[in-house]
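All values reported here derive from a predicted model rather than from experimental measurement.
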Amino acid sequence: MQRNIKNSTLRSEQISRRLFLCMLVIIFSISYLSIPLIINSYQEYIRTNQTLTEIVSLRSLVKTANKISRERAPSNKVMSSQPEDFAKNRKELLEYRKVVDEQIDHSIQVLKHNGFAMIAEDLDTDLKSKLAQARNMVDVYAATPRSKRTSVQFDRTILSMFDVWDESREMLKWLMVQSNSKNSKMSNYFTSILILTDMRDQAGRVASNIMAPVTFDEKISDENRARSLQTQHQTIYLWSLIDTIQPEQSKTPEYVRLYLRVKTEFLDKGLPIISQLLEESKDHQPYFITGNELTDQMVGKFTTVMDLQNYILDDSIAVADEQNRRAKLQFIFTLCISSLSLLIAIFTMIYAKRRVFGPLINARNMILRLSGTSDEVSHLTKNKEEFFSLFEAIDKLKGMLKQRDSMELQLKQIANSDVLTGVANRLALEEYIAALETQPEGLSQICVMAIDIDNFKCVNDQYGHIVGDQVITMIADQLKQHVRASDLIVRYGGDEFLILLENIQMDIAKAIAENIREGVAQQRIILSGMTEEIQVSVSIGVAIGANSWLALLEKADQSLLKAKAKGKNVVEG
């Protein structure tokens with residue numbers, strides 16, 4: 001009888017201990033699942049908060065750059081003023097300089113507060129020093145008697161103001177380099193803001209580059225003409241690039257209105273003023289406006305670019321703030337749910353032991369003692385089938401994860417490939433450029449070939465888009481045959497391709513480009529059901545190395561324009 005009771009007690013202790021171990025496993029499992037979720041949600045909150053901080057810093061620095069660029073307008077007015085307007089224009093300039101100085105000091109405080117102390121120090125020393133030098137040149141010129149002034153001195157003073165903005169642009173670039181959010185979901189906003197900043201300054205330089213000869217009623221020199229035409233081209237290019245980069249979900253009706261307003265107010269109305277002045281200079285005709293009138297007419301049109309930039313700045317901060325708010329709520333929610341789950345599991349374990357299993361075990365022991373039934377338990381073998389089914393489930397999950405990874409890789413390849421030609425698309429190009437910019441050498445050793453199909457519009461118009469697609473496919477096949485497998489071929493536009501080659505010399509690159517050009521020229525496309533054949537050619541611009549992707553692309557684009565100007569079917573580098 002006593003042996004039966006002893007066996008019953010041992011059996012009860014085993015049951016209680018196993019139940020306790022099972023509950024510990026449950027608590028450990030909840031902790032194992034919850035802790036990574038809590039850590040990930042907290043890290044996401046930190047990332048979004050950092051993104052918000054960085055974009056606020058970017059906005060402050062962008063406003064500084066814009067105000068520095070804007071200071072050229074009152075400076076130009078003072079330097080080109082008639083005696084009766086000099087005092088009024090001088091007062092306006094001094095008041096605006098105070099605004100610029102306040103903005104610089106504000107940006108210094110924002111950058112220091114947000115962890116960009118080195119940039120803030122450069123802003124406080126280098127930028128202020130360059131700005132003071134440029135302002136001194138403006139003041140010296142304004143104080144020079146009108147009879148002793150020259151257009152060369154005027155133009156040199158304007159260029160000194162350009163240098164100040166270029167210094168602020170370098171700080172914007174340095175801020176982007178230090179930013180941890182440039183590869184986040186907000187990267188397009190960062191890029192759009194920087195491009196609009198460049199566009200705002202380029203738009204201002206369009207007029208400033210010819211301000212000196214217009215003020216002195218002199219012929220515009222070839223250098224000034226070239227600078228003005230280059231900035232016009234750059235402005236139009238940056239304007240078209242903005243809409244490509246801007247995320248589709250951010251293209252609200254207000255954005256579309258502001259974007260089109262830049263074209264109607266500035267590109268369509270402002271640039272023709274410059275073009276007319278250039279034509280008048282070329283034809284040796286008197287200018288239809290003075291330097292001051294040119295400033296007044298153009299400044300109002302720059303506001304369209306500023307309005308678009310301010311809208312994207314405000315929208316980007318609103319998006320970053322919303323992402324940060326959601327990440328914070330997600331972190332709090334995850335923390336609360338995980339903590340609650342653990343508390344419930346612990347409470348359940350304690351409650352089950354005291355209120356459920358304890359009374360059941362006591363009742364079982366009482367019944368065994370009263371009945372005198374033996375509780376000797378035979379040694380049972382473990383149920384191996386349960387272990388096998390568990391391992392089979394794990395293996396199946398591993399297989400599903402591998403299948404998912406394979407599908408994700410395939411989807412990524414599809415997303416990064418042009419449907420028609422099979423070469424890379426712009427998404428793949430962006431990822432490639434982002435990877436290059438993280439390397440020490442960056443873009444300094446990268447060669448870009450800009451390839452454009454000559455007279456492609458005529459092919460589409462005469463033979464239709466199906467034949468046009470055959471031409472594009474043929475060109476892509478030729479590119480694949482003449483470059484290395486490691487080189488990146490990108491369909492950049494409808495009839496434009498880019499090839500990016502690493503570690504290559506210019507002479508070799510031009511030889512490859514020449515082989516491509518000759519290979520395309522030798523191809524013939526036979527029209528279905530006709531005896532007629534189509535022969536096409538390509539023009540290729542080659543460039544190697546630059547400080548930024550936009551600069552490198554611009555070099556290749558300029559080479560392409562030169563190739564086109566030489567009669568097409570030409571390689572230019």
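- Counting only distance, with no hydrogens or angles, the side chain of N40 and the backbone of P36 share a donor-acceptor pair below 3.5 Å.
- Legend: residues meeting side-chain hydrogen bond (donor to acceptor under 3.5 Å, both in side chains) with R227, ordered by chain and number and at least two apart, are D155, N209, E223.
- Judged purely by atom type and a 3.5 angstrom limit, T157 has no side-chain atom pairing as donor or acceptor with the backbone of V138.
- By the side-chain hydrogen bond (donor to acceptor under 3.5 Å, both in side chains) test, S221 pairs with N224, sequence neighbours left out.
- Within the 3.5 Å criterion, the main-chain N or O of G493 finds no donor-acceptor partner in the side chain of R426.
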Notebook entry, point to check: Is there a salt bridge (Lys or Arg N to Asp or Glu O under 4.0 Å) between K251 and D243 once you walk through the steps?
Noted result: CA-CA 8 Å; K251 293 182 180 179; D243 200 53; 3.7 Å; yes

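- Residues satisfying the side-chain hydrogen bond (donor to acceptor under 3.5 Å, both in side chains) criterion with R491, sequence neighbours excluded, are D418.
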Margin query: Pair R90, D139 - check salt bridge (Lys or Arg N to Asp or Glu O under 4.0 Å), show working.
Written below: CA-CA 10 Å; R90 175 68 178 172; D139 294 339; 2.7 Å; yes

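- Not counting sequence neighbours, the partners of F266 by the ring-ring contact (aromatic ring centres under 6.0 Å, His included) test are F302.
- D201 pairs by the side-chain hydrogen bond (donor to acceptor under 3.5 Å, both in side chains) definition with S69, R72, R205, not counting sequence neighbours.
- At least one donor-acceptor pair closer than 3.5 Å links the side chain of N310 to the backbone N or O of M306.
- Qualifying ring-ring contact (aromatic ring centres under 6.0 Å, His included) partners for F154, counting only residues two or more places apart in sequence or in other chains: Y141.
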